[in-house]
There are 2 protein chains.
Amino acid sequence: MAFGNYIRKLREEKQLLLREVASQMSIDTALLSKIERGTRIARKEQVEDLAEALNESENELLKLWMADKIVKMIKDESNSTEILKKAEEEIKNLTNKKQ
Amino acid sequence: MAFGNYIRKLREEKQLLLREVASQMSIDTALLSKIERGTRIARKEQVEDLAEALNESENELLKLWMADKIVKMIKDESNSTEILKKAEEEIKNLTNKKQ
DNA sequence: TTTTGACTTGTCAATATCTGTCTAATGTAA
DNA sequence: TTACATTAGACAGATATTGACAAGTCAAAA
């Protein structure tokens, strides 16, 4: 499930209004609406604020948010899976080198 | 191998100079130098030009270039592998839905 | 039906980031 | 030294992102 849909679901489960959450995040309801609908990408600090406002794990939300950004980036490529595989491979190499 | 290192290797194997390749790409040598060293990210058209100038597969270079962008994005995250896994999962869902 | 409240959309100015080039510096081989 | 390849830093212009506002839709209540 895309990041936006996910946080909308969370918000609705907790029966919070856009304006309540947006206010806690110090942003306009319009902006939060767009984030939930996926027409705007949240900034990292906003994801952190969201975790706070929704009482959810910041790490987990950040993870979904980043995954979402990756998906947006490559979803229209025919070889998106290969791209991810290559990225994974590179990451593995990096972490080995780091040690 | 990171995108920049890779195209540098290709260029050196073919014994081409920065200024030769850069000229074919219609950019400054300084810019190509930075791209090869990874301090600047190439634009998509530049990758296409590179494929042409180096006589390499455009698709393959684009794939490596995108993978590189993903790596740059998440390499400092402790859970980078999880992020990739999540992205892969989402991509899978998307392609199923599309049909 | 009007009103109300939640949400959505389009637009805009301000800001931030990116882009490519220029110049000067560094490295290196003859 | 000289000549040439490459790199670093700084800059202006181009492009993208940001958040807010105002006006819109929609459904339920009055």
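Chain letters run A, B, ... following the sequence lines, proteins first, then strands; residues in each count from 1. These numbers come from the heavy atoms of this one structure, side chains and all, not from hydrogens, waters or symmetry mates.
- A distance of 8.5 Å separates CD in E58(B) from CG in L61(B), rounded to the nearest 0.5 Å.
- A salt bridge is absent between K9(B) and E12(B): the closest approach of a Lys/Arg side-chain nitrogen to an acidic carboxylate oxygen does not fall below 4.0 angstrom.
- A salt bridge links K86(A) with E89(A): the closest approach of a Lys/Arg side-chain nitrogen to an acidic carboxylate oxygen falls below 4.0 angstrom.
- Annotation: cation-pi geometry satisfied between K69(B) and W65(B) (NZ/CZ under 6.0 angstrom from ring centroid, within 45° of ring axis).
- In this structure, the CG atom of N5(A) is 15 Å from the C1' atom of dC7(C), given to the nearest Å.
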Where along nucleotides 2-22 of chain D does protein come under 4.0 Å, by heavy atom, of base (B) or sugar-phosphate alone (S), with - for untouched nucleotides? ---SSBBBB-------BBBB-
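- Going from atom CD1 of I35(A) over to atom C1' of dT9(C) covers 15 Å, rounded to whole Å.
- Of the listed residues (V47(B), I41(B), I7(B)), just one forms a side chain to side chain contact (heavy atoms under 4.5 Å, CB included) with I35(B), and that residue is I7(B).
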